[in-house]
Structure formats: structure tokens, C-alpha cells
Amino acid sequence: MWTPANQLERERFDKLNRMQEMGIAAYPNRVQRTHTAVEAIRAYEAVENENHEAAAPVEVTVCGRVVRQNLKGKVWFAHIEDGTGRVQLFVRADNVSEAAYTLLKGEIDLGDFVQASGTMMRTRAGEVSVLVQDFAVLAKALSPLPVIKERVTEDNQVERFGAFSDVEERYRQRYADLAVNPDVRKVFRDRAQTVAALRRFLDGAGFLEVETPILQPIYGGAAARPFVTHHNQLHQDLYLRISFELYLKRLLVGMYDAVYEIGRDFRNEGVSFKHNPEFTQLEFYQAYTDYFGMMDVTERLVAYAAEAVTGSTTITFEGHTIDLTPPWQRITLRDAIRQRCEIDYVDYPDAESLYAAMRAADIEASPKDTWGKLVDTLLGTVVEPTLIQPTFILDYPRDISPFAKAVPGDPTHVERFEMFVGGMEMGNAFTELNDPLDQQARFEEMARLYADESDEATPLDEDYLRAMRYGMPPCGGCGIGVDRLVMLLTDRSTIREVLLYPHLREK
RNA sequence: GGGCGUGUAGCUCAAUGGCAGAGCAGUGGCCUUUUAAGCCAUUGGUUAGAGGUUCGAGUCCUCUCACGCUCACCA
């Protein structure tokens, strides 16, 4: 049985008990809403604009949460809020039953859900309000929400007093965060719009949306530690997927020309402002094209989503104005690095010499890294933070890209690009490798490279190779981090602000 | 995992090693057109947790927990 944790909850609990003694249902089953808050106001304004004289009274029943109340003698004002907005209730003691007035005067708190019936009118101060004739509780709030007051200034800005800003508590009690912080609600509406826009674009471009296994006997498609779980009846360990890649490409063997999936990936890695253990990924694959085709689709896709969410392809992120209008800048990885630190990595064709050159240039790196990993470190440290405007970085070292086709005439590089915006990696794409024998060699190469780091090795997927031996059309594929895209479009600096329930440790 | 920082009332925050406070919210009172309503009065604390130093600890020390920033890790 719940007991009040403090004085505020005790007061509310007492009110609940008093209501029960009065025979008032604190959590009734039925509501009689006829108008949302915004509909009620609009209905009145419409009549008001039409004809003052013959206007029929606008009768409404509205429902919502009490977000402000002000008892002034024998008059009670309150704002209630629903999903559409707020409307003011205006109660006069001699205009409602004694029971109703006693109820709202004595037992109603901020946070309670209520229902009010009455006639729309305009108060002396000019606010369209419900002149209440009947009043009921819909749900008593036993715990107090953080108190935030608002004032609408003369230039129509909302000024807020008070806050619920403790980051940890906001995430742990996201419901309270959403209830009192409208800008947080906006972020997740924008998130939904982003995902909807991605689907709309890809559906319109002829891609088929599919769903592939989250529980997998073999994980693959990326280099990351997986989460492991177990199926009891099958006596089988299963992995939560770290990417969709290998399952989606099998579908091109199965003669779909273009497929995509939006879903959750799980990576058993560190947590940071741009990493969460589970995150939402978009991957799309298209036959009869290559990574150049993927660049075209990607930049149009992202611009489309930006337009849908923000109304423009020019956005603001962390104080930067970012223009997502295609075409985006394209530069090879080699040139991008060479421009920024005067290391041309082709001059250092092995890990030892490249490591030495990086140390000489005062760039942190691990001496145990492979050559490809060192190149990636260069990208991450000297290039990535500078890529504010949308940029495709092209052509990556072969040994960190086991699923990409080699650049013709250059066996050390593969046709791969990553897209960067706002100093963040947002996506990764290849001209997909479709040579089954080369793919098998890559798997074996990866196994050798990661021989001493068993948990990072990409396991050899025999079934994927079998699929490829049936023949896979030439294709391009791309993965986009949806959370990071939402961060960009909503101007949030951490992934946790765009995840409803980010991962937190148990307290 | 390393470094730095934070944790005080429901919320937002104060408090030289010396009585633990304010605003909002709550409670009681006045007020029949308020809107951050106002005025008067007033309640509310395991100072994240455990231990230590001290005559005396929110404050200093040690450990633990959570969160933030940062580095590492994350091809």
C-alpha cells in the first residue's frame, strides 16, 4: 500500500479521502468531452467574428490537467491543459452547485485532471474562457509535479518562472519532464516527424520496408561488442543485432531491388553524448547502383527530412547555421586529412611509420592499432570536429571496411563514404561487396586482425556467403543514425535529449 | 575504466567550520474578472549514503552510489 512520502502528498491524499467521503469519484470511468482546449477557443472566436447580436451561446465540455489556479474570493480561475493547448476556466460561486464549488475550492490541486462544462465567454481581461456551470474531477494527482509558472509577454513570448531542470530526474521521470516542459514534448513530436519523413521519402523512391531479426545466432555488419542473451527452450545463445546489414543484403539476392529497415541496434560499448546502448538506425540498400548513387539518395533524404521537420533545409545546430541543401561537399578521406595535418597517410604504408608520424604531429594514438585504425583515428581527431556543413568523406582504407568493394585500380582503398554534419558522424555507406570469394577472404582477414580481441572479431557468417554465391546484384547501401539526425534537426547536444528513455544506471 | 565537477525542502537555488535559509508550491485567513494575481500568517529537512577529524561538519578527510563534463573505448 502506498503511503505519502511528504507533507505535500499527505495533503493530496487527505483530499482524495475527503472526496471519497463526499461520494465523489476521484477516478471516474466516463468523460463527456465535446471540445479540446483549442477547439473550444476557436469555436467561440468563430461565432464572435460572425455575428455579435444573434450569436448562439457556445456550450462546451472540456477536459484537461489543471496547470494554474487562482482562487479569488468567491471566484476561481484555472487553466487546464490537454494535448492541444490550454483554456481558462472561470467559476463563479453562485454559478455552480455548492458541491462543485466546495470541491474545487478545497480539493483540487495543480496537476489534477478535471472536466468542466459551460458557456464560452471572454473575460474582462480579454481571455476566451469557459464560464463553468458543471465541474468534475477526472483523476486526482497524488504527487505534485514541479511548479512552473508562465507569463505571456507583450510581444507574445512565453516567459517561464521556475523549472524542472535536474537532468537525471528529468530522464528518470520522463513523464514529469514531458508534463511540465512543452519544449521536450516538441522534441519527440519532431522525432516522430523525422522518422515519418524518412519512411515517406524511401517509400516514394521505391524502397520496400522490411523487418529482420533482432535476436540473431551470429551478429555482424559492424565492429562492436554485442549483447548476449539465451533462449531457454532451444538451449541457444543469441545476440542482439549490432546492425541490419547482412540480413538486408540477403534480400537483394532474393530479388527485391531496394529495401530499408528502421529499427533498434544494440551495442555493448561505452555511453557518451552520442552513444546509447540501444539506438535507432536506418539502413537502406539499392540494387544496380553504387556509393555515388547512395550519396544522391542520402543528401536528398536528409534535406527532405529537414524540410519536413523544420520547414527549411537550412537549420541551426549548436549556434551554427547548417545548409543541408544538396549537393553536399565531397572530399576523399586522404585529402581531408592531408588538408588538416600535413600527414599524407599513403607516405606511411604501415602501422609503425604512420604511428610515428602521428606522434610527431602530436596526435594521440595507440601503438597497438592497425594501420586502418590509425587512419580512422586521424579522421576522428583532425577531420571530424571540423565538418560542420554536410560533407561526404570518401574512400576508406580496406582493412577497416570488410563489406565494401575496392576502388578500381587501388586495392588499398574501398568505395565507402561517411557523412558528417555538425561535427558528428551521421551515416556510413558502401558500394557493397558482392564477390563471394572476396567477401570470404575479408572475413578471414578480419578474423586474423582481431585474433587477440575475440569479442571484437566479426564472426564469419557462412549463410551470408552462401546467399552471395547465388549471385548478389551490384548495389549500394547506407546506414544513418536516426538519433543523431534527430539531434541535428532539433538542435539537441546529447543523444539522451532525443531518447524518451535513455539508458541510466539503476539507483 | 581515468581525470574534473555536482548532489541541501516537492521544484529552482542560498548558507567563512558556529542556530539549515529564500522564492515558487503547500496550509490557514481576506478578496465575485484573475492570469507569475495580491496581502497577512504559517508548515515542510536522514544536507545522496556510510565512516572519520573537530568542542562543533551542509562545509574538512576516506569510502560508496548516482548524475554531468572530459579523456579513453566505440573500425
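Here is the naming used below: chain letters follow the sequence lines, and residue numbers restart at 1 for every chain. For clarity, every value in this text was computed on a predicted model and none was experimentally measured.
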Does atom OH of A/Tyr239 have more than 12 heavy-atom neighbours, drawn from other residues, nucleotides or ligands, at distances under 6.0 Å? no
Describe the nucleic acid contact of A/Ala163 in one word from base, sugar-phosphate, nothing, applying a heavy-atom distance below 4.0 Å. sugar-phosphate
Starting the side chain at C-beta, find the nucleotide from B/U33, B/G44, B/U34 nearest to A/Gln7. B/G44
When rounded to whole Å, the CG to P distance for the pair A/Leu142 and B/A25 reads 21 Å
For the pair made of NZ in A/Lys72 and C1' in B/U34, what is the distance, rounded to whole Å? 7 Å
What nucleotide, of B/A66, B/U34, B/C74, holds the atom closest to the side chain of A/Lys373? B/C74
Please work out which of the three classes, parallel, tilted or perpendicular, describes the rings of A/Phe90 and A/Phe77, given edges at 30° and 60°. parallel
What integer number of Å spans the C1' atoms of B/C19 and B/G45? 15 Å
Name the nucleic acid region contacted by A/Phe164, choosing base, sugar-phosphate or nothing; use a 4.0 angstrom heavy-atom cut-off, strictly under. sugar-phosphate
Between A/Lys405 and A/Tyr291, does any side-chain donor sit less than 3.5 Å from a side-chain acceptor? no
Please determine, by modelled atom types, if A/Asn428 and A/Arg416 share a side-chain donor-acceptor pair under 3.5 angstrom. yes
Below 4.0 angstrom, N of the basic side chain to O of the carboxylate: do A/Glu81 and A/Arg86 qualify? yes
Looking for any heavy atom pair under 4.0 Å, which part of the strands does A/Asp369 touch: base, sugar-phosphate only, or nothing? nothing
At under 4.0 Å, does any side-chain N or O of A/Thr123 touch on OP1 or OP2 of B/U34? no
At less than 3.5 Å, do the side-chain atoms of A/Gln88 and the base atoms of B/U34 form a donor-acceptor pair? yes
What nucleotide, of B/G68, B/U34, B/U32, holds the atom closest to the side chain of A/Ala125? B/U34
Integer angstrom distance from the C1' of B/A9 to that of B/G52: 28 Å
Ignoring hydrogens and geometry beyond distance, is a side-chain donor-acceptor pair present between A/His79 and A/Glu150 at under 3.5 Å? no
Between B/A37 atom C1' and A/Glu127 atom CD, what is the distance in whole Å? 13 Å
Sequence neighbours excluded, the answer for side-chain contact (heavy atoms from CB on, under 4.5 Å) partners of A/Asp183 is A/Asn181
Look at all strands and tell whether A/Asn70 reaches a base, only sugar-phosphate, or nothing, counting heavy atoms closer than 4.0 Å. base
Identify which nucleotide among B/U34, B/U33, B/C73 has an atom closest to any side-chain atom of A/Arg225, counting heavy atoms from C-beta outward. B/C73
For A/Glu9, answer base if it contacts any base atom (sugar-phosphate contacts may also be present), sugar-phosphate if it contacts only those atoms, and nothing otherwise; contact means non-hydrogen atoms under 4.0 Å. nothing
Salt-bridge present (A/Lys373, A/Asp399; N to O < 4.0 Å): no
Starting at the 5' end of RNA chain B and moving along, which residue's nearest nucleotide shows up first, A/Asn428 or A/Thr494? A/Thr494
So, OP1 or OP2 of B/C11: does either fall under 4.0 Å of a side-chain N or O from A/Lys149? no
A/Glu59-A/Ser117 side chain donor-acceptor pair, cut-off 3.5 Å: no
Select base, sugar-phosphate, or nothing to describe what A/Tyr396 touches, counting heavy atoms under 4.0 Å on all strands. nothing
So which nucleotide from B/U33, B/G68, B/C69 ends up closest to the side chain of A/Val167? B/G68
Does B/U27 have OP1 or OP2 sitting under 4.0 Å from an N or O in the side chain of A/Lys15? yes
Ignoring hydrogens and angles, are the base of B/U27 and the side chain of A/Glu11 linked by a donor-acceptor pair under 3.5 Å? no
Go ahead and name the base partner of B/U53; Watson-Crick or wobble counts if both distances stay under 3.5 Å, otherwise write none. none
Nearest-nucleotide pick for A/Pro144, side chain only, options being B/G26, B/U70, B/G10: B/G10
Would you mind classifying the nucleic acid contact of A/Ser493 as base, sugar-phosphate or nothing, using non-hydrogen atoms under 4.0 angstrom? nothing
For atom CE of A/Met424 and atom C1' of B/C74, their distance in whole Å: 16 Å
Inter-nucleotide C1' distance (B/A37, B/G18), Å rounded: 41 Å
By nearest atom, which of the nucleotides B/A36, B/U27, B/G10 is closest to the A/Arg151 side chain? B/A36
Looking only at side-chain N and O atoms, does A/Arg92 come under 4.0 Å of OP1 or OP2 in B/U33? no
May I ask you to verify if any side-chain N or O of A/Lys274 is less than 4.0 angstrom from the OP1 or OP2 atom of B/C74? no
For B/U32 and B/U47, measure between their C1' atoms and round to the nearest Å. 45 Å
Where along residues 168-185 of chain A does a heavy atom come under 4.0 Å from RNA chain B, residue by residue in number order? A/Glu168, A/Arg172
Considering the options A/Lys15, A/Gln69, A/Arg12, which one meets the side chain to side chain contact (heavy atoms under 4.5 Å, CB included) requirement together with A/Asp112? A/Arg12
Sugar-phosphate only, base, or nothing, as touched by A/Leu71 at under 4.0 Å among non-hydrogen atoms: base
Is there a side-chain polar atom (N or O) of A/Arg68 under 4.0 Å from OP1 or OP2 of B/A37? yes
Side chain of A/Ser165: nearest nucleotide among B/U12, B/U33, B/C74? B/U12
